[in-house]
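Encoded as structure tokens, the structure appears first; notes follow it.
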Number of protein chains: 2
Amino acid sequence: MNVQFKKGALELCVLGQLLNQDLYGYSLVERITRFIDISEGTVYPILRRLEKDGMVESYLKESTEGPARRYYRLNARGKEHFQSMLADWNELSQGVEDILKGVENEKK
Amino acid sequence: MNVQFKKGALELCVLGQLLNQDLYGYSLVERITRFIDISEGTVYPILRRLEKDGMVESYLKESTEGPARRYYRLNARGKEHFQSMLADWNELSQGVEDILKGVENEKK
DNA sequence: CGTACTACTATACAATATACTATACTGGTT
DNA sequence: AACCAGTATAGTATATTGTATAGTAGTACG
């Protein structure tokens with residue numbers, strides 16, 4: 001998979017997952033990896049950045065299956081950010097589609 | 001528009017435009033800008049990179065409306081590259097869609 | 001002489017990949 | 001009981017790479 005395509009998209013996916021429930025980093029990796037190849041070393045920096053930028057808040061919770069989990073909760077600002085990113089994403093993917101549209105037609 | 005989303009996507013758009021006709025840098029900017037905001041300082045590096053990587057060949061052609069235009073022609077390798085990128089793009093955008101799907105449903 | 005057309009470059013910025021380190025618990029073997 | 005492998009979990013440093021910004025410069029035309 002072209003690496004560059006993922007730029008920004010992974011953050012959008014993380015935000016989308018947090019929209020309806022608090023999740024911890026490792027579970028985000030598991031969830032997203034079902035659809036897009038992503039590694040831990042990518043998710044944690046995203047979460048740190050989101051926290052630094054005031055989009056999410058985090059809290060620790062004990063686990064019976066390993067070390068304590070750090071859950072992330074999307075706050076109001078994060079939700080706005082998600083909506084804004086989603087709009088951009090839709091705009092871009094629509095733009096790409098429009099630009100490539102007709103290529104097949106003209107081809108023959 | 002989120003800058004990061006465009007990573008890679010602009011190259012895909014350039015390749016798509018060159019699939020059926022040779023074009024020069026400035027015209028690529030004009031064509032793509034109709035759908036996605038892109039500047040000259042972004043297009044020329046992409047073209048240089050594509051040429052360096054053996055995806056396109058270029059040639060000069062005089063113009064009556066300004067300096068000579070450098071046209072770019074997509075070669076066989078470039079066409080393969082486009083198909084490969086397009087597949088990746090479709091895979092990613094499908095992945096993002098799948099991940100975000102259901103978010104609205106769960107919401108209420 | 002100003003404006004549009006066209007090519008091109010240098011620098012900075014930002015997100016991801018890679019390749020780690022480190023800790024906690026579980027289950028099996030000795 | 002002690003050890004060890006494996007899984008779960010959090011985290012970091014460095015390199016790579018593509019785009020944005022802000023230019024320079026040259027040609028044609030009014």
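Both backbone and side-chain heavy atoms feed into the values below; hydrogens, waters and symmetry mates do not. Keep in mind the model is a prediction, meaning the values are calculated, not measured. Residue numbers start from 1 in every chain, and the chains themselves are labelled A, B, ... in the order their sequence lines are given, proteins ahead of strands.
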- Residues of residues 32-47 of chain B with any non-hydrogen atom less than 4.0 angstrom from an atom of DNA chain D: list those, numerically ordered, please. Ser39(B), Gly41(B), Thr42(B), Ile46(B)
- Query: Of Ile99(B), Leu92(B), Asp98(B), which is the lone residue that meets side-chain contact (heavy atoms from CB on, under 4.5 Å) with Val96(B)?
  - Reply: Leu92(B)
- Measure across Leu100(A) and Gly16(B) and return the closest heavy-atom pair with its distance rounded to 0.1 Å. CD2-CA, 3.8 Å
- Sorted by first residue and then second, give each salt bridge (charged side-chain N to carboxylate O under 4.0 Å, His left out) pair with at least one member in residues 64-88 of chain B; sequence neighbours left out. Glu57(B)-Arg73(B), Glu65(B)-Arg69(B)
- Task: Side-chain contact test, heavy atoms from C-beta onward, threshold under 4.5 Å: evaluate it for Ile46(B) versus Leu50(B) and give yes or no.
- Result: yes
- In whole angstroms, the gap separating P of dT16(C) from CZ of Phe5(B) amounts to 9 Å
- Interatomic distance, Met1(A) CE vs dT16(C) P [rounded to whole Å]: 13 Å
- Message: Run the side-chain hydrogen bond (donor to acceptor under 3.5 Å, both in side chains) test against Glu51(A) and tell me which residues pass, sequence neighbours left out.
- Response: Ser58(A)
- Using the test side-chain hydrogen bond (donor to acceptor under 3.5 Å, both in side chains), find all partners of Thr42(A) that sit at least two apart in sequence or belong to another chain. Ser39(A)
- Item | Close side-chain approach of Val56(A) to Val14(A), heavy-atom, < 4.5 Å | no
- Task: Give the first and the last nucleotide of DNA chain D, reading 5' to 3', that has any atom under 4.0 Å from a heavy atom of chain A.
- Result: dA8(D) to dG18(D)
- Query: Is a donor on one side and an acceptor on the other found under 3.5 Å between the side chain of Asn75(A) and the backbone of Gly54(A)?
  - Reply: yes
- For Asp53(B), enumerate each residue passing the salt bridge (charged side-chain N to carboxylate O under 4.0 Å, His left out) test, keeping only those at least two apart in sequence or located in another chain. none
- salt bridge (charged side-chain N to carboxylate O under 4.0 Å, His left out) against Glu30(B), all qualifying residues, sequence neighbours excluded: none
- Note on the structure: ring-ring contact (aromatic ring centres under 6.0 Å, His included) pairs touching residues 51-78 of chain A, sequence neighbours excluded, are Tyr24(A)-Tyr71(A), Tyr59(A)-Tyr71(A)
All N/O donor-acceptor pairs, side-chain side in residues 4-13 of chain A, below 3.5 Å, sequence neighbours left out:
from: Gln4(A); atom 1: OE1; to: Lys7(A); atom 2: NZ; distance (Å): 3.1
from: Lys6(A); atom 1: NZ; to: Asp37(A); atom 2: O; distance (Å): 2.9
from: Glu11(A); atom 1: OE1; to: Arg49(A); atom 2: NH2; distance (Å): 3.1
from: Glu11(A); atom 1: OE2; to: His81(A); atom 2: NE2; distance (Å): 2.7

- From OH of Tyr24(B) across to C1' of dC8(C) the rounded distance in Å is 16 Å
- Query: Do any of residues 53-77 of chain B sit with a heavy atom less than 4.0 Å from DNA chain C, and if so which?
  - Reply: Glu65(B), Pro67(B), Ala68(B), Arg69(B), Arg70(B), Tyr72(B)
- Give every residue pair that meets the ring-ring contact (aromatic ring centres under 6.0 Å, His included) criterion with at least one member in residues 28-54 of chain A, sequence neighbours excluded. none
Identify the pairs formed between an N or O of the protein and an N or O of nucleotides 12-14 of chain C at a distance under 3.5 Å, and give each distance.
from: dA14(C); atom 1: O4'; to: Gln4(B); atom 2: NE2; distance (Å): 3.3
from: dA14(C); atom 1: O3'; to: Gln4(B); atom 2: NE2; distance (Å): 3.2

- Message: Just the rounded figure in Å: distance from C1' of dT16(C) to CG of Leu92(B).
- Response: 13 Å
